[in-house]
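For reference, positions follow the sequence shown, starting with 1. First listed ligand is number 1; within each ligand, the first listed atom is number 1.
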Amino acid sequence: MIKTIIAGPCSVESREQLRSVTEALATMPRVGLVRAGVWKPRTRPGGFEGLGEPALQWMQAFSKEYGVRYCCEVATPDHVALCQRYGIDTVWIGARTTGNPFMVGELCEALRGSAMQVMVKNPTSPDVRLWLGAIERLRQCGIADISAVHRGFDMYHNLGYRNAPLWEVPMTLRREMPEVPLLCDPSHIGGNRELVAPLVQTAAQFDFDGLMVEVHPDPDAALTDGPQQLTVDAFAELLDHLVPLSSHLSPLNAQQLVPLRRQIDDIDHEMLSLLARRMEMSRQIAYIKRDLNLSVYQSDRWADVLADRLSMASGLGLDADFTRALLEKIHAESMRVQLDDQA
Ligand code: PEP
Ligand code: MN
C-alpha cells in the first residue's frame, strides 16, 4: 500500500522557487519528504547542472522554517559530505550512478557509519542485479535504512514513455528483497505530466510502498524536466484520487477468489504439460533434421508458424505483442533443445 510520499521539484532553481514549493508541500500531511535536486546529471552538456551548496543552505533554513525534511541525489563522496554538513539526512543514488559499481562503492565508503537514509534508483538498463548489488553494497557499509525507487529503463524503444516501466523488473527486486520498501517515480517513467496519474494508479496496483513525484510551482518555466513536473494543484488532486488498495486478503475475499484461482492453477498445469509435449516433438524433429542434413533454424517454417499463431491470437482477443513475445520465447527454447540434441 502506498504510504511514503515524496514530492518536490526536479531541481532547486532559486530561493523563491524552493520556498514556494516547500510552503505548499508543507501543508500536505501525507508528504513525508521534499525532494529537490542539487546536482543534476545531464545527458548532454550545456544544460542547467544544479546550484550546489547555496541550494543546500536554503534547504537547511526552510527545513527549520516549514518543519519539512528534504532529500536530494548524491553522485560523489563530496555530495555526501555537503549533505551531512547541511543536515540533509536522506539521499538517493541516481539511475546513472546505480549502474556503475565503482561509483556506488565510493558513495558507500562516504556513507559508511552514518545514519543516513538512502534510496537507490534502478540503473538505466533493466539489469536487476546492478540494482540489487547497489543495495547489497550499502548494507555492507552499515546503512540500515535503504529503499528502492523504480524510475523506468532506457530502452531503444521506450513504449511511449521517457523510460519504459518494465514492471516485472521492480517485481523481481521485490521478490529478492521483500523487506526493502519499493517506491515508484512516475515522473521519470512518464516524462510527461499527463502520464503521471495513470502511472501512479498502476504503481498502486503493483502494491508499491511509496511514490516520488516531481512537483514544481511553475512547471512550464522549470529549468529541468519541465514537461513531467506537476503543478502543486495537480499533485494535490492526484493525492485526493489515490484510493488505498490492500494486498492482504480477508478470508471472505479469499473465498470469492478461490474457485477462479483453482481454474487458473489447472490451466497453468495444462499449459506446462502441453509445452513439455511440444518440446518432445521438437526433439524428434531434431533427429530427423540431423539425418536429412537440414539446419535447425528454418526461417520459412518459423515465419509461417508466427503468422498462423498471430492470426489465431487476434481471433481469440489476445494481444499481438504478448503473443509474439511468448512465441519467440517458445521458439528460442525449441531451438535450444534441438541444438542440444544435435551436439
Ligand atoms: C531526478 O530524480 O531528478 C533524476 C535525475 O533521476 P534519475 O536518476 O532517475 O534520472
Ligand atoms: Mn528530474
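Heavy-atom contacts of Cys10 reach the following atoms of ligand 1: 3 (O) (cutoff under 4.0 Å). Close approach of ligand 1 to Trp92 (heavy-atom distance below 4.0 Å) involves ligand atoms 2 (O). Listed by atom number, the atoms of ligand 1 under 4.0 Å from Gly94 heavy atoms are 8 (O). The atoms of ligand 1 that sit less than 4.0 Å from any heavy atom of Lys40 are 1 (C), 3 (O), 5 (C).
Of all heavy-atom pairs spanning Leu199 and Tyr161, the tightest one is CD2-CE2, 3.8 Å.
Remark: ligand 1 and Met212 share no N or O pair separated by less than 3.5 Å (distance only, no angle test). Checking only distances, Arg35 does come within under 3.5 Å of ligand 1, N or O to N or O. The shortest N/O to N/O separation between Arg96 and ligand 1 falls below 3.5 Å.
Of the possible polar contacts, none joining the Ser20 side chain to the Glu16 backbone as a donor-acceptor pair under 3.5 Å is found.
The closest protein non-hydrogen atom to atom 9 (O) of ligand 1 is Arg151 NE, 2.7 Å. Nearest protein heavy-atom contact of atom 6 (O) of ligand 1 is Lys121 NZ, 3.0 Å. Nearest protein neighbour of atom 8 (O) of ligand 1, counting heavy atoms only, is Ala95 N, 2.8 Å. Remark: minimum distance from atom 4 (C) of ligand 1 to any protein heavy atom is reached at His188 NE2, 3.5 Å.
Asp225 and His188 are linked by a side-chain donor-acceptor pair at a separation below 3.5 angstrom, with hydrogens and angles left out of the test. If you check the side chains of His79 and Glu73, you find no donor sitting under 3.5 Å from an acceptor.
A 6.0 Å sphere centred on CG of Asp291 holds more than 12 heavy atoms belonging to other residues, nucleotides or ligands. Within 6.0 Å of the CZ atom in Arg278, the count of heavy atoms belonging to other residues, nucleotides or ligands exceeds 12.
Draw a line from the Mn ion (ligand 2) to OD2 of Asp225 and another to SG of Cys10, and the angle between them is 100° (to 10°).
Using a 4.0 Å heavy-atom cutoff, Gly37 is absent from the residues neighbouring ligand 1.
Restricting Glu214 to its N/O/S atoms, the shortest distance to the Mn ion (ligand 2) is reached by OE2.
Residues Phe208 and Trp167 place their aromatic rings such that the two centres sit under 6.0 Å apart.
In this structure, Trp131 and His150 have tilted ring planes: the angle between them lies in the 30° to 60° band.
The one candidate from Arg151, Arg35, Lys121 that meets the side chain to side chain donor-acceptor pair (under 3.5 Å) condition with Asp185 is Lys121.
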